[in-house]
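Let me begin by presenting the structure, written as C-alpha cells, before commenting on it.
Protein chains get the first letters and strands the later ones, always in sequence-line order, with residue 1 at the start of each.
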Amino acid sequence: MQTWSLVSICVLLGVVVRWGVSLNSYSGAGKPPMFGDYEAQRHWQEVTYNLPVQEWYFNTTENDLNYWGLDYPPLTAYHSLICAYVAKMINPEWVELHRSRGYESPAHKLFMRATVLVADLLIYIPAVVLYCLYLTDGSSKKKVSTLFCFLLYPGLILIDYGHFQYNGVSLGFALWGVLALGLGWDALGSMAFCLALNYKQMELYHALPFFCYLLGKCIKLGPMGRGFFLLVRIASTVLVTFALCWLPFLSDPSEALQVVRRIFPVARGLFEDKVANTWCSLNILIKIRSILSSDSQIYLSTACTLLAVLPSSVKLLTKPTFWQFKLALANSALAFFLFSYQVHEKSILLAALPVCLLLNDLPLVAIWFLLTSTFSMLPLLLKDGLLVPYVVTSLAFLFFSLYLLSALEHCSEEELRLGAYHKMLFFLPKLDLACITRWKFYIGVAAMAGLSAVSVALVPPPHLPDLFPVLVSTTAFLQFLGTFLYFNIVQFSGPPSRKTQKKNN
Amino acid sequence: MAAPGLDGCSWFAALSLGVSLLKCLFMDAYHSTDFEVHRNWLAVTHSLPVSRWYHENTSEWTLDYPPLFAWFEFGLSHVAQHFDRNMLVVENLNYASPATVLFQRLSVVFTDLVFIFAVRECCRCVQEQKGPRDVLSRPSFVLAVLLLWNFGLLIVDHIHFQYNGFLFGFLLLSVAKHLQGALLFAILLNLKHIYLYVAPAYGIYLLRSYCFTQDHKDGSVNWRSFSPLRLLALGAIVVSVCALSFGPFIAMGQLPQVLSRLFPFKRGLCHAYWAPNIWALYNMLDKVLAVLGVRLKLLEEAELPRASMTGGLVQEFQHSVLPSVSPSVTLVCTLLSILPAVASIWRRPRGARGFLRCLLLCALASFMFGWHVHEKAVLIAILPLSILAVESREDAGIFLVLTTTGHYSLFPLIFTPAELPIKVVLMLLFVIFSFAALRKLYSGQGSLLRPLESVYLAGLVAVAIACEIVFPLSPWQQRLPFLPLLATSVYCSVGVSYSFLRLYASLLRQDEKPKQL
C-alpha cells in the first residue's frame, strides 16, 4: 500500500484514540469550589475575553488571581482569547465574567475537547508526521510504524484529552523547532522554539540543548564569518519573536515584571504532592523539606540540576550533530525533572517528547521509558477517573510498539549501545548485558502492572494513606534515574555505526 | 527486506487485539435504547421463571428474539450479578450505573471472540497468490481487516449497542459446510430470526449439494443419487435444535404468544429511519407525486394523510398517491426476487463461493423488498461480500459501492454531536483502507470503479456535509427536521439498488458460462 494511505490511516487511528479518551471525565469534574485544570482553562477564556490586556496578570476587583490566575506566558493567553471568541459565538454563557464560574455542561465539554483536537491537528500531529517521514531512517514501513507508535504515546493523550491541558501546542511547537533544526533551517527552528517557550515556560527544560546546539554549530562554522552571521540571525529571530509575543506588555516595564512574577512563582516549596523525582523520593528517607530552609532548598536544587545537565550540554556544544541534539534534549529534560524545583508530575511529558524521537533508534529503552512515564502519572489519572483509558492505551502502546518496532528482537548489545557499560564495569565478570536489560524490562513492566492493579483494587492501610502513590513514584523514579544514566552514557559513546544502522532497516 | 515483525500469523493477533482495545475505548460513548432492551432482558431472564419470559411487559422493550437468545441472556445474567445486582431488577427501568455499562460493553467485546475465530477460519480459506508477498498486500490480511475492523459492526455493536458480532461469527462459520453448517445455522436462526432472510439459500444449497451425492458430468442434478439418509440427518439436526429452543414453550402452550412477539406485523412498512431499500424510493416517489398533484391542482390537500412516515414511533401508514403496500405484498416481492438466485444454485451449485453469492443475494433481496427492514440488515450482505471481494475484481468494485453506501446509511443511527468525530473518522479509516488495499490487490487490472460510480460516491461526501454540518445550522432545521434522514436514505437506496442489480447480473452471467473444470 502507498505510504500516504498508511500515513492517513495512522493519523486517523491516532485521532480516534484521542477522541475516545476524551469521552471520559476531566480534572475537577463536578468538584466545587475549585474544580480543576479544565475550569482553569475555561476561566482564562473568560478573563482574556472580558478584560483588557493590561489586567490579565494583575490582581484586580474583576480578576481574582487566587482563583486560577493566569500563570503561563502570553501565548497561552492569546490562545484562550481565540477560543473565547468561538465560545462566545456558540454560547455566551460559557465566558460570562464572574457568572460562568464552575460552568459544566455536555455541550461545553464537547467544545473544550474540540479545541484540544483542533490545536493538535494544526500543530502537534503535522510535526510528528513530518518528523517520522523525513528525519527517521529505515524503510517506509518502519517510518510508518514509528509514526503510529509516536502518535499512540499514552501519556500525552491521557493528559491532554483526559485530564485536560494543551501540552500538544507547546510540545508541538518544540517539535517543529527540532524538525527545522534537523532539516538545517536554524532561524525557523529557533522561532518555533521561542513560540513553544512563550506558550509554556516549562519548555525551558529544552532550552539548554537548543542553545548549545545552535551555539556549537555557529562556533563550528567559524566564529568570524558564517558562524557569526548565523548567530546574529538566530539572535535577532529570538528577540523579534519574544518582542512580538510580549508586545502588549512591553509598554510598561512593571507589567512585564508582573507577568514574569506570575510565570515563575518562587514562593512555593521544593515539591508538591508525590512526584517521581529525587527530592520527593529522598524525602521518604530524610525529611529534606523540614531540615533545610527554603532558600537553601532553592540553591541545592539549582546546583544539582546544573551539575546533572552540564556533561550533556558540554558534549553537545563540542559536537553539534542531530543525534547528539536528540540525546541532549532527553538528558536535559530528565535532569531538570529529576533535580529541579517545584516539579509537577505532568512535567515528565517534556522528557517523553525527546524520547519519542528516539523510538526509531533505541526502541526497547524508549518504549520502557514512555510506559514508565505514563505509569508515573497513575495517581493523577485515578483521581480524574481515567482508569479504563489508562489501561487500554498503555496496553495498546506496549503491545503495538514492541510488535511493530521489533524491540525485543533488536536488542543485541551493539544495538542497545551497551559497549560503554562494559568499559565502566570492567571489574565485574563478563555479563550478557543485553539479556540483563531485557530481564530488567520484563521485571519493570511486571512491577508497573502489579502496582497499577494494587492501587486500584486494594485500600491502603489507615496509618499509611499515601502508600500507593509513594510506591508508584519511587518505582518510577528508580526507572527514570536508570534511563537518565543510560542516555548520558549513550551520548558519550560513539555515534550509531553504519553497520548497526543497516541492520535496523 | 521483510517488514519487521509482520510475519507468520502474528498479524492476525495484532489486528484482533487492536480492534478489541479500540472497542473498550468506546465504553462511555452514546448507547441507544437497545442498551436498555438488553438490560431488561437480563433482568427478565434472571428474575422471572421461564413461563413468564414471553408474557412479561413491565418494560416497553419486550422479549422479541427467539428462545436461544433468551437463554444466552440468562447465562450472561449470572455473570452480571457480580457487577451490579441492581441491573437484574425488572422494575429498574433505564438503569445504567457505571458497573452496568462496563459489564454490558465488555460482554459484547468478549462475545466478539466468536467472530474473531470465524474470521480466522475465513482467512485460512482465502486463495493466496504464489510467491513472497508483503503482508499488507495479501488477500487474507485485507479480508481480516475488512471483517474485523468493519465500520458497520463497530458502530452498531459497540456504540449503538447490539450483539451482532458473535451472530455473524456463527453465520461465517456455517458457510459452505454441510452438517456442521446446518447445525450452526439452526442455532443462529434460534438466536435471531432475522436470518430467516437467508434460510432459503441454506435450504436449497444443502438439499442440492449434500442430499444428492453425485452430479452428472455437466453439473446438473442426478436424481438417482438422492440420499434419504442424508436428508434425514439434516432434518434431525434442524428439528432437534428448534425443539431444544422452542420445546419448553410448546410444552407450556405459549407458542402463539412467542410467535406474536417474534413477528410483530403491526409495525409500519418502514422503520423510523428509512432503510435504503426499494420502499424508500417508493415512498419518495409517493411524496413527490403528492406534492406535484397538489401543485397541479389534481389532488385536494385536505384528502392527503398527514405526512409522518418518518416520525419517531413505528406505526402503520397509508400512501397518498401510489397504492399502499401490505406485508403480503412485500413477502411476494421478496420471494420473487430470491427465486433466480436460488434456482441458479439448484441448477449449478458452484461450491462454497457459489453458495456465498446466493446467500448474499438472498440477504440483499430481503433487505430491498422486506417489511420493516432495519438499515443495520445491510451488514448481512456486506460481510459475505468482503470474502468475495478479495478474490474477484468485479466483486471488489461492487463491494466498494455497496459498502460505502451501506455504511453511510448507518450514519443517522449515531446522531449525538460528541460521537460525530468518531463515526466520521472510523468511516474515513474504512474507506481509505478498503479503496487502497483493494486497488493494490488488483493493481494492473484497470480501475475498480466505473466513472459514474466514482461520481456517485463523491456525491456521498456532499450529502454527508449537507446533512451533518449545513443542515443543523440552517433555518429548515425547525420546519423539516427529517429532511436529512430522507436525503440520506433516498440517496443510499440508489447505490444499494444498483449494487443489487449488478450482483444479480454477475450471478446470471456466471450461470451462462459453462461449468469450469
Side-chain angles (χ1 to χ4, degrees), chain A residues 1-25 106-107 109-111 113-114 117 138-142 144-145 148 152 157 363 385 388-389 391-397 399-410 502-505, chain B residues 1-7 10-11 13-15 17-30 98 101-102 105-106 109 134-137 141-142 145 149 154 158-159 416-441 443:
Chain A
M1 273 168 63
Q2 292 162 313
T3 312
W4 73 262
S5 47
L6 284 174
V7 167
S8 14
I9 289 178
C10 288
V11 169
L12 287 171
L13 278 172
V15 170
V16 86
V17 170
R18 281 161 166 73
W19 196 258
V21 170
S22 79
L23 294 172
N24 290 275
S25 171
K109 180 180 172 192
L110 184 59
F111 166 72
R113 297 292 196 203
L117 185 64
S139 66
S140 66
K141 214 156 268 128
K142 188 135 196 280
V144 171
S145 307
F148 184 56
L152 209 56
I157 301 179
V388 171
V391 171
V392 169
T393 49
S394 303
L395 277 177
F397 179 75
F399 179 76
F400 279 100
S401 51
L402 284 180
Y403 177 71
L404 290 173
L405 299 174
S406 311
L408 289 173
E409 281 99 53
H410 288 217
K502 280 226 174 78
K503 234 167 90 171
N504 276 349
N505 287 358
Chain B
M1 197 74 195
L6 293 172
D7 55 342
S10 50
W11 54 262
L15 284 176
L17 184 67
V19 79
S20 306
L21 285 173
L22 185 67
K23 291 169 189 171
C24 291
L25 267 185
F26 297 147
M27 243 171 239
D28 270 341
Y30 154 82
V101 174
L102 181 70
R105 293 284 197 198
L106 278 182
V109 178
D134 167 35
V135 171
L136 293 182
S137 343
F141 177 83
V142 176
V145 177
W149 288 74
L154 278 175
H158 300 277
I159 300 186
T416 45
E419 279 69 26
L420 174 67
I422 297 181
K423 75 181 179 190
V424 169
V425 170
L426 283 178
M427 179 80 184
L428 276 175
L429 258 172
F430 191 80
V431 164
I432 292 179
F433 180 80
S434 53
F435 275 78
L438 287 175
R439 202 162 279 170
K440 183 82 194 289
L441 261 186
S443 60

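- Heavy-atom pairs under 4.5 Å with chain A were tallied for B:L426, B:V424, B:L17, B:L441; the largest tally goes to B:L17.
- Chain B forms the most heavy-atom pairs under 4.5 Å with one residue out of A:V15, A:T393, A:V17, and that residue is A:V17.
- Here the straight-line distance linking atom CH2 of B:W149 with atom CG of A:L13 works out to 5.0 Å at 0.5 Å rounding.
- Your options are A:L12, A:V11, A:N24, and the one with the most heavy-atom pairs under 4.5 Å with chain B is A:L12.
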Can you list the steps and then say if A:V16 with B:L25 is a side-chain contact (heavy atoms from CB on, under 4.5 Å)?
CA-CA 9 Å; A:V16 86; B:L25 267 185; over 6 Å; no
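- Contact detail for A:Y403 and B:A14: the closest heavy-atom pair is CE2-CB, 3.7 Å.
- When side chains are defined from C-beta on, B:M27 does not count as touching A:V392, because their heavy atoms never get closer than 4.5 Å.
- Of the listed residues (B:A436, B:A437, B:P421), the greatest number of heavy-atom pairs within a distance under 4.5 Å of chain A belongs to B:P421.
- When all heavy atoms of B:I432 and A:S8 are compared, the closest pair comes out as CD1-CB, 4.0 Å.
- Heavy atoms of A:L402 lying under 4.5 Å from chain B are absent altogether.
- Contact annotation for A:V388: only side-chain heavy atoms (C-beta onward) come within less than 4.5 Å of a heavy atom of chain B.
- Contacts between A:L110 and chain B at a heavy-atom distance below 4.5 Å involve the side chain alone, from C-beta outward.
- Under the 4.5 Å side-chain criterion, counting only non-hydrogen atoms from C-beta, A:L23 is in contact with B:I422.
- B:C24 SG to A:L395 CG: the interatomic distance, rounded to the nearest 0.5 Å, is 9.0 Å.
- In this structure, A:W19 contributes its side chain and B:A418 its backbone to a donor-acceptor pair below 3.5 Å.
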